[in-house]
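Take a look at the structure set out below.
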Amino acid sequence: MAKPKRRYACAACGSVTHRWQGQCADCGEWNTLSEEAQETTFSAKHDLSTGGRTLVFEPLDKPSVPLQRRSTGMAEFDRALGGGLVPGSAVLMGGDPGIGKSTLLLQAAALIAKAGGAVVYISGEEAAGQVRLRADRLGLAGAPIRFAAATSVRDILTSLARMEPPALLVIDSIQTMHSDMIEGAPGTVSQVRASAFELIRYAKENDVALVLVGHVTKDGSIAGPRVLEHMVDVVMSFEGERSHQYRILRGLKNRFGSVDEIGVFAMEGQGLEEVGNPSALFLSGREEAVTGSAVFPAMEGTRPVLVEIQALIVKLASGATPRRAVVGWDSGRLAMLLAVLEARCGLNFSSAEVYLNVASGYRLTDPAADIAVAAALVSALADKPLPSGAVWFGEVSLAGEVRPVAHAGLRLREAAKLGFTEAVVPPENGQSVPGMRQHAAPYLSKLVDRILGGD
Ligand code: TYD
Ligand code: MG
């Protein structure tokens, strides 16, 4: 009989090979392949005369029952989920260690429990004492959560089978769970997949909203949650810089809603506070009239968020290669914008170092930031502060034209609400917003003239 072939699975993407390699051929991650238990392979063909059921095909135009959603008690959490938790669905909550996943879920669990929903919280990472301490600190010790420290999926499912299915089941974290259906240490790809499979099946059969916490690590010995992404209905990512207070909850995949809404929180002494008005948070501590600072009304889903863009230009005396460093924006996009400023507007950055930073550790993906970045760069280069009451938005083409962007009205109204009085906008985007003077900039060169001319 032929020797069974060894199998190696990648912890990052889940692809399988029969030869160990240092780098996964599919996703390119290093040191993520580890040996897995052999899967049985079937070569026989199905006998179709017995055993199978005939499927009933359904039309798709039947009136559908609207989704029942359960509020987490936190508006920002609900918003990021697309309206709340859906019973019988599985949510994977990813994020760096220490970012606040357990805190967020404990808070939501307590609020749901207080509102009358049964909640089971299983921690495979922390002992009951530790979680009790945290609950005390958050002022949630009185919430009727059923808590257990456990890692055996069999124990968890046995206990759940003996009680009414809860409204919410939290598993913190899936990497610590162990299923005795298959071999392998907790955290290996096959264990994570098997444990998740059993828990998700329980959730679907019993209409329970399941939240699985998954750590994201670069270390190949722990299965990244990416192998789970296709098994769950919703994938959320909890992000932020640990050195900054605020955290952003973002949907990466959602079978029940849109993924462009975010939830914003601030990590305080008493846990996570919801931030209903993120602009105020991102603009806090802003000095008036500094050179190289421009305010950009970004869009996050349907919500505008004002952020500050800072540029610093350091002129070099001799021909050393100047640095370009970017935090919070795409460095390729910065290179493009610098090239357009040089080629179309006659500015010279070639002998200067350029540093660009989006304040508060915020990450910008909105292409409408071009104009604000350009304004910050020109202001820094000319050493001229921009008007303190102005916001800037618009996309720049390679020809140096300013292109219109989506949601101009929302951006302008948010800026007006926060006390800004003028806006430099693409010509097509101008519209009447009380208290907001608008200047159309059809070309990037016009914007440069405006800043240099100071009118
Ligand atoms: P935690 O929820 O344990 O993170 P994760 O589960 O994602 O690993 O959060 C840990 C961090 O949050 C920890 O560094 C301390 C901080 N924190 C606060 O600042 N305030 C609080 O009230 C709590 C509970 C935690
Ligand atoms: Mg945790």
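As the structure is a computational prediction, the values presented were derived from the model and not from experiment.
If you run side-chain contact (heavy atoms from CB on, under 4.5 Å) between Val396 and each of Leu341, Val373, Leu447, Asp370, only Asp370 comes through. Paired with Val402 under the rule side-chain contact (heavy atoms from CB on, under 4.5 Å), one option of Ile371, Asn429, Val425 passes, and it is Ile371.
Note that CZ of Arg403 and CD of Glu428 are 9.0 Å apart. Values are rounded to the nearest 0.5 Å. Taken from CZ in Arg154 to OG in Ser195, the straight-line distance is 12.0 Å, to the nearest 0.5 Å. Interatomic distance, CE of Met436 versus CZ of Arg411, reported as 13.0 Å (0.5 Å rounding). Atom CG of residue Leu111 and atom CG of residue Leu168 lie 11.0 Å apart, to the nearest 0.5 angstrom. One finds the CZ atom of Arg324 at 11.5 Å from the OG atom of Ser331 (value rounded to the nearest 0.5 Å).
Checking side-chain atoms of Ser379 against main-chain N and O of Gly292 turns up a donor-acceptor pair under 3.5 Å. The closest donor-acceptor contact from the side chain of Gln191 to the backbone of Thr176 lies at 3.5 Å or more, if one exists at all. Gln175 places no side-chain N or O within donor-acceptor distance of the main-chain N or O of Gly214, the cut-off being under 3.5 Å. Side chain of Tyr443 to backbone of Arg344: no donor-acceptor contact under 3.5 angstrom is found. Using modelled atom types, one side-chain atom of Gln107 and one backbone atom of Leu272 make a donor-acceptor pair closer than 3.5 Å. Checking side-chain atoms of Trp20 against main-chain N and O of Leu33 turns up a donor-acceptor pair under 3.5 Å.
A pairwise comparison of heavy atoms in Pro387 and Glu422 identifies CB-OE2, 3.6 Å as the closest pair. For the residue pair Leu412 and Ala423, the shortest heavy atom distance occurs at CD2-CB, 3.5 Å.
Ion pairing between a basic and an acidic side chain is recognised when a charged N comes within 4.0 Å of a carboxylate O; Glu300 and Arg250 show such pairing. For Asp172 and Lys101, the salt-bridge test fails: no basic side-chain N is under 4.0 Å from an acidic carboxylate O. A salt bridge does not link Asp78 to Arg70: none of the charged side-chain nitrogens sits closer than 4.0 Å to a carboxylate oxygen. Salt-bridge check for Lys417 with Glu414: passed, with a basic side-chain N closer than 4.0 Å to an acidic carboxylate O.
Other residues, nucleotides and ligands contribute only 12 or fewer heavy atoms inside 6.0 Å of the CZ atom of Phe197. For Glu268, the CD atom counts as densely surrounded, since its 6.0 Å shell holds more than 12 non-hydrogen atoms of other residues, nucleotides or ligands.
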Task: Step-by-step side chain to side chain donor-acceptor pair (under 3.5 Å) determination, Asp233 to Ser89 - done: CA-CA 6 Å; Asp233 303 298; Ser89 75; 4.5 Å; no

- [ ] In sequence, state the C-alpha distance, the side-chain angles, and the governing distance for Ile174 and Leu228, and then conclude on side chain to side chain contact (heavy atoms under 4.5 Å, CB included).
- [x] CA-CA 10 Å; Ile174 189 65; Leu228 296 172; 3.7 Å; yes

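Looking at Leu249 and Met236, their side chains come closer than 4.5 Å, going by heavy atoms from C-beta outward. In this structure the side chain of Leu199 reaches within 4.5 angstrom of the side chain of Leu157, judged on heavy atoms.
A cation-pi arrangement, defined by a distance under 6.0 Å to the six-membered ring centre and an angle within 45 degrees of its axis, is absent between Arg247 and Phe265.
In the model, Ser293 has no side-chain atom that pairs as donor or acceptor with a side-chain atom of Gln310 under 3.5 Å.
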